[in-house]
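In what follows, a single structure is set out as structure tokens and then discussed.
Just so it is clear: chains get the letters A, B, ... in the order the sequence lines come, proteins before strands, and each one is counted from 1.
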Protein chains: 2
Amino acid sequence: MLSTARVTIRDVAKAAGVSVSTISKVMNNRDGISEETQRRVRAVIEELGYVSSESARSLRAARTGVIGVLIPDFEPYASEVLKGIARALNGSPFELMAWSGGAGRDATRGWERQLVARLAGSVLDAAILVAPSVTSLPFDSFPMVAVDPHEGPGYLPNVRADDREGARLAVEHLADLGHVRIGFLGGRKDLASARERERGYRDAMRAHNLDVDEDLVVRGDYSRAGATEPARTLLTCADRPTAIFAANDLSALRVIEMADELGVDIPGEVSLVGFDDIPESLRSEPGLTTIAQPMIDIGSEAALLLLQLMAQEEPPERDIKLPTRLVVRESTRVLRP
Amino acid sequence: MLSTARVTIRDVAKAAGVSVSTISKVMNNRDGISEETQRRVRAVIEELGYVSSESARSLRAARTGVIGVLIPDFEPYASEVLKGIARALNGSPFELMAWSGGAGRDATRGWERQLVARLAGSVLDAAILVAPSVTSLPFDSFPMVAVDPHEGPGYLPNVRADDREGARLAVEHLADLGHVRIGFLGGRKDLASARERERGYRDAMRAHNLDVDEDLVVRGDYSRAGATEPARTLLTCADRPTAIFAANDLSALRVIEMADELGVDIPGEVSLVGFDDIPESLRSEPGLTTIAQPMIDIGSEAALLLLQLMAQEEPPERDIKLPTRLVVRESTRVLRP
DNA sequence: AGCCTTTACGAAAACGTTATCGATATCGAT
DNA sequence: ATCGATATCGATAACGTTTTCGTAAAGGCT
């Protein structure tokens with residue numbers, strides 16, 4: 001049982017007294033093999049515990065039956081989207097693989113371009129790209145769907161939240177609480193979502209006749225670490241804002257940590273709103289008021305869209321935008337003068 | 001740019017006017033290639049946008065630089081563990097891949113056995129198995145670590161929670177609240193964790209001089225769907241228990257749904273404790289009292305252990321057991337007669 | 001009996017890489 | 001000028017599959 005060498009299709013062929021091609025045909029349920037031979041071959045396969053090598057199969061075969069999700073990192077947002085994708089693919093004939101290549105060496109040309117090139121057509125039959133940052137991809141016949149992509153509609157078929165409206169909800173909530181000096185901590189500038197949320201922020205500020213102090217507009221990269229300096233800037237600047245809208249929850253959670261370090265009370269001195277409603281936001285102290293986006297549904301919709309693309313069907317909608325909603329917890333409070 | 005055919009190493013060789021071997025050597029930073037040639041080759045690679053095919057490379061090369069996490073499904077528990085693994089692997093030279101093959105056709109011989117056989121040695125350099133159910137795996141030289149495995153210590157190097165103690169905490173909590181008729185909804189019987197939690201339940205019942213009514217001991221499979229019938233049994237049986245300890249949160253959440261359907265009030269009529277403390281438990285109505293296990297830490301520890309194994313180091317401990325703790329929310333209440 | 005179709009199987013060529021090893025060319029030393 | 005060492009590169013054989021195509025045998029038909 002504890003064999004060190006892999007048992008190959010050749011071993012099976014030899015043991016069964018037939019050719020390699022026959023084994024392959026049996027494995028893939030091709031016809032042209034007699035019942036009798038099939039039985040014998042299957043018995044040998046079972047006995048030797050033969051399983052075909054994925055890389056060899058991928059290399060040769062046209063289809064692999066696996067759908068890949070390419071993500072920058074296994075962070076909370078991607079994890080939730082993944083759950084949704086898995087749910088939608090459950091019962092389909094496809095296997096699901098998630099590959100995180102963000103930290104890879106060659107970030108210059110876009111991690112997703114590299115990953116797609118490496119995996120497309122051989123390892124993968126199709127892919128869902130989460131937060132891709134490149135404009136074009138060198139593959140036309142390869143089915144792909146983007147979630148929270150770089151470009152807006154028109155680029156790849158994509159699924160996203162209504163980022164602008166969500167941002168508007170966030171600012172409106174703060175304005176309703178009486179806040180005037182509202183700072184903004186932005187996200188990865190290469191993503192449409194970050195730009196849209198900033199637009200929503202500016203729209204809503206204007207709609208409420210509030211001035212945008214450009215000193216209070218800073219940007220991170222959606223990651224926890226990337227939010228450190230922007231958060232410090234906002235919390236320590238001369239005329240500190242009384243409220244902050246962070247473009248995603250991970251950044252907002254970093255603001256909470258920084259505030260704690262700096263002795264700034266949230267929501268006593270500063271109110272804070274995030275975006276996403278990742279599970280972690282529920283556990284923070286104080287609980288984070290945030291704009292919830294339906295991450296699981298986004299994943300499911302993306303998977304469904306991809307399935308349609310793979311079936312050569314023209315999907316009814318190639319730019320799917322899902323609604324957000326405000327979730328009020330403890331990180332926001334009425335401004336007291 | 002929109003080329004339909006893949007650009008192979010041969011194309012690059014032709015374009016650069018050198019042999020295929022030279023391209024390969026440049027790609028892999030082997031020496032024996034002059035600076036001058038390297039520059040020219042790299043330029044062509046850049047120009048053509050060449051990226052080597054993962055499957056071809058996997059097939060031939062000894063190492064791939066990829067660590068795989070094999071999970072039955074992208075459900076909350078596995079997702080949290082994945083976050084921990086990703087965190088520990090961040091900064092390491094390895095890429096991370098998660099493959100979900102549980103739903104695969106051939107569940108008979110154990111999904112992880114199939115997956116390992118398919119991926120080991122070619123696609124993957126090493127693997128972390130989450131909740132594997134097989135006793136032995138046909139690979140000795142392939143580094144593997146199990147999380148929440150079938151067997152207890154001695155099988156594969158593994159990381160797990162202190163399941164028995166956790167279960168004890170759960171029952172003790174219910175007993176302290178005055179409950180006597182305490183039901184148990186078990187998990188996948190092929191996993192050690194499920195057996196340990198049941199043992200912990202029985203231990204604690206005995207320790208509190210409570211009888212275990214075998215009619216109140218039912219079993220699911222840790223999944224939401226699998227908990228449906230056991231949950232119904234417990235909630236509709238003649239002499240209904242006043243409290244239920246579910247072996248994991250997913251099952252507990254199903255109990256909440258069932259109770260809602262059946263018009264049973266939680267915690268008014270039945271108290272409920274889960275196990276895991278997955279993010280979803282925080283959002284349930286009522287909030288689920290549960291035994292928290294450090295899923296992220298479990299993932300990190302597993303990754304660290306795997307790294308040691310891959311470096312041929314003998315790890316200080318091959319059976320890592322992490323502590324649990326009781327988290328009281330709203331699904332449990334003092335028994336009122 | 002002759003011919004054509006069908007069935008069952010095998011030989012061999014891919015798939016795109018990496019690794020081994022041999023072949024030049026260059027150079028310094030005798 | 002000869003020799004041996006060193007640098008640079010290319011042919012070629014793998015890696016483990018799938019697929020195409022050919023072939024032999026068997027069967028059905030006139």
Side-chain angles (χ1 to χ4, degrees), chain A residues 3-42 44-45 48-66 117-125, chain B residues 3-42 44-45 48-66 117-125:
Chain A
S3 64
T4 171
R6 159 180 278 282
V7 29
T8 79
I9 199 174
R10 229 172 296 268
D11 301 327
V12 181
K14 195 165 299 177
V18 294
S19 80
V20 168
S21 349
T22 302
I23 309 295
S24 175
K25 283 168 192 159
V26 171
M27 286 287 295
N28 298 297
N29 294 313
R30 301 270 177 281
D31 43 33
I33 305 294
S34 71
E35 288 290 338
E36 160 61 16
T37 310
Q38 284 199 38
R39 256 193 304 277
R40 202 172 66 244
V41 168
R42 281 190 211 286
V44 176
I45 289 174
L48 298 187
Y50 168 69
V51 179
S52 59
S53 152
E54 185 63 23
S55 43
R57 221 168 60 85
S58 299
L59 181 59
R60 193 55 171 88
R63 315 209 72 91
T64 61
V66 13
R118 271 170 65 191
L119 305 173
S122 63
V123 180
L124 263 35
D125 279 354
Chain B
S3 66
T4 171
R6 159 180 278 283
V7 29
T8 77
I9 200 174
R10 228 172 296 266
D11 301 327
V12 181
K14 196 165 296 177
V18 294
S19 79
V20 167
S21 344
T22 302
I23 310 295
S24 174
K25 283 170 191 159
V26 172
M27 286 287 295
N28 299 298
N29 295 313
R30 299 271 177 280
D31 44 32
I33 305 294
S34 72
E35 288 290 338
E36 159 62 13
T37 311
Q38 284 198 37
R39 256 193 304 277
R40 202 172 68 245
V41 168
R42 281 189 212 285
V44 176
I45 288 174
L48 299 187
Y50 168 70
V51 179
S52 58
S53 153
E54 185 62 24
S55 42
R57 220 169 60 83
S58 298
L59 181 59
R60 194 55 172 86
R63 315 210 69 92
T64 62
V66 179
R118 271 170 66 192
L119 305 173
S122 63
V123 179
L124 264 34
D125 279 354

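Regarding contacts with the backbone of C/dG16, every side-chain N or O of B/Arg6 stays at 4.0 angstrom or more from both OP1 and OP2. Contact annotation: B/Ser58 side-chain N/O to C/dT17 OP1/OP2 distance is not under 4.0 Å.
Closest to the side chain of A/Ile33, from the set C/dC9, C/dG16, C/dA19, is C/dC9.
For B/Tyr50 and C/dG16, the OH to P distance is 10 Å, given to the nearest whole Å. Between the CD1 atom of B/Ile9 and the P atom of C/dT17 there is a distance of 5 Å, rounded to whole Å. Counting to the nearest Å, the C1' atom of C/dT18 and the CG atom of B/Asn29 are 14 Å from each other. Here C/dA8 presents its P atom at 13 Å from CZ of A/Arg39, a figure rounded to the nearest Å. Straight-line distance from the CZ atom of A/Arg60 to the P atom of C/dG16: 9 Å, rounded to whole Å.
Taking OG1 of A/Thr22 as the reference point, atom CZ of A/Arg30 lies at 13.5 Å (rounded to 0.5 Å). B/Ile23 CD1 to B/Ile33 CD1: the interatomic distance, rounded to the nearest 0.5 Å, is 9.0 Å.
With a 4.5 Å cut-off on side-chain heavy atoms, A/Arg40 and A/Glu36 count as touching. Counting heavy atoms from C-beta outward, A/Met27 and A/Val12 have side chains that stay 4.5 Å or more apart.
Nucleotides of DNA chain D with any atom under 4.0 Å from a heavy atom of chain B span, from 5' to 3', D/dT8 to D/dG16.
Of the residues in residues 10-25 of chain A, those with a non-hydrogen atom less than 4.0 angstrom from any atom of DNA chain D are A/Arg10, A/Val20, A/Ser21, A/Ser24.
Every residue two or more places apart in sequence or in another chain that forms a side-chain hydrogen bond (donor to acceptor under 3.5 Å, both in side chains) with A/Ser21 is listed here: A/Ser19. Among residues two or more places apart in sequence or in another chain, the side-chain contact (heavy atoms from CB on, under 4.5 Å) test is passed with B/Leu59 by A/Ser55, A/Ala56, A/Leu59. The salt bridge (charged side-chain N to carboxylate O under 4.0 Å, His left out) check on A/Arg118 picks up B/Glu54, B/Glu95, with sequence neighbours excluded. Taking B/Glu35 as the reference, B/Arg39 meet the side-chain contact (heavy atoms from CB on, under 4.5 Å) condition, with sequence neighbours excluded. Looking at residues two or more places apart in sequence or on another chain, you find a side-chain hydrogen bond (donor to acceptor under 3.5 Å, both in side chains) between A/Thr64 and A/Asp125. Among residues two or more places apart in sequence or in another chain, the side-chain hydrogen bond (donor to acceptor under 3.5 Å, both in side chains) test is passed with A/Thr8 by none. A/Asn29 is linked by a side-chain hydrogen bond (donor to acceptor under 3.5 Å, both in side chains) to A/Arg42, counting only residues two or more places apart in sequence or in another chain. Residues forming a side-chain contact (heavy atoms from CB on, under 4.5 Å) with A/Arg60 (at least two apart in sequence, or on another chain): none.
For the helix from C/dA1-D/dT30 to C/dT30-D/dA1, the angle separating the two terminal helix axes comes to 50°, with each axis derived from five pairs and the value rounded to 10°.
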Below 3.5 Å is the cut-off: list the nitrogen or oxygen pairs between protein and nucleotides 5-7 of chain C, distance only.
none

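In terms of heavy atoms, B/Ala120 sits closest to A/Arg6 at O-NH2, 3.6 Å.
Where B/Leu59 and B/Arg30 meet DNA chain C, the nucleotide closest to each residue was compared, and B/Leu59 sits on the side nearer the 5' end.
Of the listed residues (A/Ile45, A/Val41, A/Asp11, A/Val44), just one forms a side-chain contact (heavy atoms from CB on, under 4.5 Å) with A/Tyr50, and that residue is A/Ile45.
When heavy atoms are screened at a 4.0 angstrom cut-off, A/Ser122 is found touching no nucleic acid atom at all.
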